Amino acid sequence: MYPPYSPATGGSRVLVEGSEFTGLGGVTGVDFGGVAGTDVVVDSDDQLHVTAPPHLSGIVHVRVTTPAGTSRTSWDSRFSFDTPVEPAGVTAVPAPLPAGSTAGSDIADVACPAPGECFAVGSYSISDDETRPLVERLSGGTWSPTELPLPPDAVHPPEWWQDARMQQVACTAVDFCVAAGVYDTEGAAGSPLFATWDGSGWTVFAYFVGDAVNGDDWIHFDGLDCTADRRCAAVGADLVFVNDGDAWAIAPTPDTGASHGRLNDVDCTATECFAVGRLVEPDFHHTPLVERGAGLSWTAQALPHPAGGRQGTLNAISCPAEGSCTAVGQYTAGGDRRPLVETLAGGTWTPGSAPQPSVNLPDVYAFFRGVSCPAPGSCVAVGAYEDEVREGYDVSYPMLPMTTFIGGGAPVTEPVPMVDVDPVRPEAGMDDVLCTAPGRCVGTGGYNLLGYRTRGLVATLTAGAVGSSPVRTPFQAGESFIHGSAVDTADRAVVVGQYVDAQGRYRGLLVTGVAIGP
């Protein structure tokens, strides 16, 4: 029960869903919404109690009438209810911690170089204000943790949080993985930290950036990819870090005049890599940006908007073959935000948009966060769109998850179903997607479960059909957050993230065996 309002005493009357309670105590047996077995009971001057069958949800609107008048229905005068029964879904397990640690943790990304062999990266806390980089390895059906060593210049100043964590991981073979993250040095928060797996252990490399990031030295890695010949590229802020097998280096920033870039993702083919984001002009106007390169040689290109577009950014890219890429994000047109699709073919980038699902509103607000193309001309993009919900005179515009099939004609967009979504604040969205073949994909995101709790969401896309499962946490009442996924086999995936345990601590979560397709 989530009562937001305490009725006044002394002759006040409480109106619940149109049913009037005169006197505040001892009222029982009131049917709610015509559903058998559902009662609203006034327990005392400031408590309401709802009894409902399993999986039933609802909203109780509360109004108070006094001699001065009757209060209006608002966000502060309603509460939602649900039952303690968890919906069916995929079940997560806690990420194991290094010996002796009982603090919190987080898992940010995962990669699987072979069936049953996966590496997940993130961090764990050794105190309330200090984190350490963490790697979880799946082998033989069991996850085991490894704490990566910190560089000698890592510090824990008393005046700030010591943040050391891995944020991205990429693997091309069981004996080659690369992780990228950050750690703190004296006077510099967010210095780059890399680690390489050679089949037997991890080797850590620190990189001093100085003031290379637009006069700042803070880094956050949003993209990392490696080729089969073990060349890698990682993007953080406006920098591209490259490794051709010997050492990491910063690729010279392409000349963009007075503007500067902000990169969000990178994908590599056998011969070159593409990083995408936005070009920020001096007047803060944003233009879709792609940087293309190999080794230390990179060029930048501002991409065109669709007709009528003004500002835009690219959040993700997928390149299934040489010269074939699809990048997605959003752009504005007429004051609305719309989903952006940029396609590379024949050496030319072509801009386009995508429809929203067939819902109550036109393209008022929609965007893409992730894309996967298992083959040229066959892609799936995921994100969120704005819908309209009316409750009497109240109108809200929650964000709901969507997926779009690109290729073989005009894009087709479908909403992603959700189980036991909060009817008051059904905010949701998809963040990432991975496809093993055309029409066989798994997407990850999150939504508000009943009671305004965040719940991780795993979507499956099979031959145009969209299904979904909530992520069940080890502690049923806790929240869960999904950060990444990787394909383990052709029909199974691994999903990672974070959840809230019984003590209210954030803990890393690991989900294996997520089915992709039938």
Side-chain angles (χ1 to χ4, degrees), residues 55 57 82 84-96 104-112 118 120-124 134 136 138 143 167-169 315-316 368-370 372 380 382-384 398-403 415-422 425-434 441-461 466-488 492-502 504-516:
H55 293 297
S57 62
D82 64 338
V85 178
E86 286 282 295
V90 296
T91 301
V93 299
S105 59
D106 184 24
I107 304 298
D109 196 18
V110 63
C112 300
C118 300
V121 300
S123 66
Y124 79 100
L134 176 66
E136 302 279 0
L138 175 65
W143 290 95
Q167 297 163 327
Q168 299 284 325
V169 63
N315 297 321
F368 287 134
R369 286 198 182 111
S372 180
V380 170
V382 296
M399 296 303 298
L400 301 178
M402 69 177 184
T403 183
V416 176
M418 295 172 288
V419 178
D420 288 351
V421 65
D422 191 316
R425 296 184 177 97
E427 299 294 327
M430 302 301 296
D431 297 318
D432 197 10
V433 62
L434 287 171
C441 307
V442 59
T444 54
Y447 69 103
N448 287 340
L449 193 70
L450 291 166
Y452 201 38
R453 293 173 296 166
T454 301
R455 177 54 48 89
L457 182 66
V458 176
T460 55
L461 302 91
V466 182
S468 68
S469 298
V471 176
R472 292 172 57 101
T473 61
F475 175 55
Q476 287 190 348
E479 297 182 297
S480 60
F481 311 88
I482 299 302
H483 300 326
S485 62
V487 174
D488 185 13
R492 291 290 185 269
V494 174
V495 175
V496 300
Q498 193 178 45
Y499 76 101
V500 180
D501 69 10
R505 298 171 303 188
Y506 289 96
R507 292 288 303 273
L509 63 79
L510 304 164
V511 185
T512 57
V514 178
I516 307 175

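Keep in mind that the numbers below use all heavy atoms, side chains included, and drop hydrogens, waters and symmetry copies. This one's a predicted model, so the numbers in the text were calculated from it and none came from an experiment.
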Which atom of Thr460 lies closest to which atom of Ala515, heavy atoms considered
CG2-O, 3.3 Å
Given Phe481, which partner from the list Thr454, Leu509, Val471 fulfils the side chain to side chain contact (heavy atoms under 4.5 Å, CB included) test?
Thr454
Less than 4.5 Å apart, any side-chain heavy atom of Val380 and any of Leu461?
yes
Apply side-chain contact (heavy atoms from CB on, under 4.5 Å) to the pair Met418 and Leu457, showing each step before the final yes or no.
CA-CA 8 Å; Met418 295 172 288; Leu457 182 66; 4.2 Å; yes
Give the minimum heavy-atom separation between Met430 and Gly443, together with the two atoms involved.
CE-C, 3.4 Å
Atom of Ala92, atom of Val511 and distance for their closest heavy-atom approach:
CB-CG2, 3.5 Å
Spell out, as yes or no, whether a donor-acceptor pair under 3.5 Å connects the side chain of Asp109 to the backbone of Val169.
yes
Under a 4.5 Å cut-off applied to non-hydrogen side-chain atoms, are Val500 and Tyr506 in contact?
yes
Would you name the heavy atoms of Ala316 and Gly370 that are closest together and state the gap between them?
CB-CA, 3.8 Å
Atom pair OH (Tyr124) and CZ (Arg507), whose distance is rounded to the nearest 0.5 Å
12.5 Å
Residue among Leu510, Val442, Val487, Thr512 satisfying side chain to side chain contact (heavy atoms under 4.5 Å, CB included) with Val494
Thr512
Working to the nearest 0.5 angstrom, can you tell me the gap between Asn448 CG and Glu427 CD?
6.5 Å
For Ser468 and Pro417, indicate whether the former's side chain and the latter's backbone hold a donor-acceptor pair under 3.5 Å.
yes
Show the nearest heavy-atom pair for residues Tyr447 and Gly456, with the distance to one decimal.
CE2-O, 4.3 Å
Search all heavy atoms of Ala428 against all heavy atoms of Ala384 and return the closest pair with its distance.
O-CB, 3.8 Å
OG (Ser105) and CZ (Arg505) are apart, to the nearest 0.5 Å, by 9.0 Å
Measuring from atom CG of Leu138 to atom CG of Asp488, what distance do you get when rounded to the nearest 0.5 angstrom?
6.5 Å
So, taking the atom named NE2 in His483 and the one named CG in Asp432, what distance separates them when rounded to the nearest 0.5 Å?
12.5 Å
Let me confirm one number: the CG-CD distance from Asp106 to Gln498, rounded to the nearest 0.5 Å.
3.5 Å
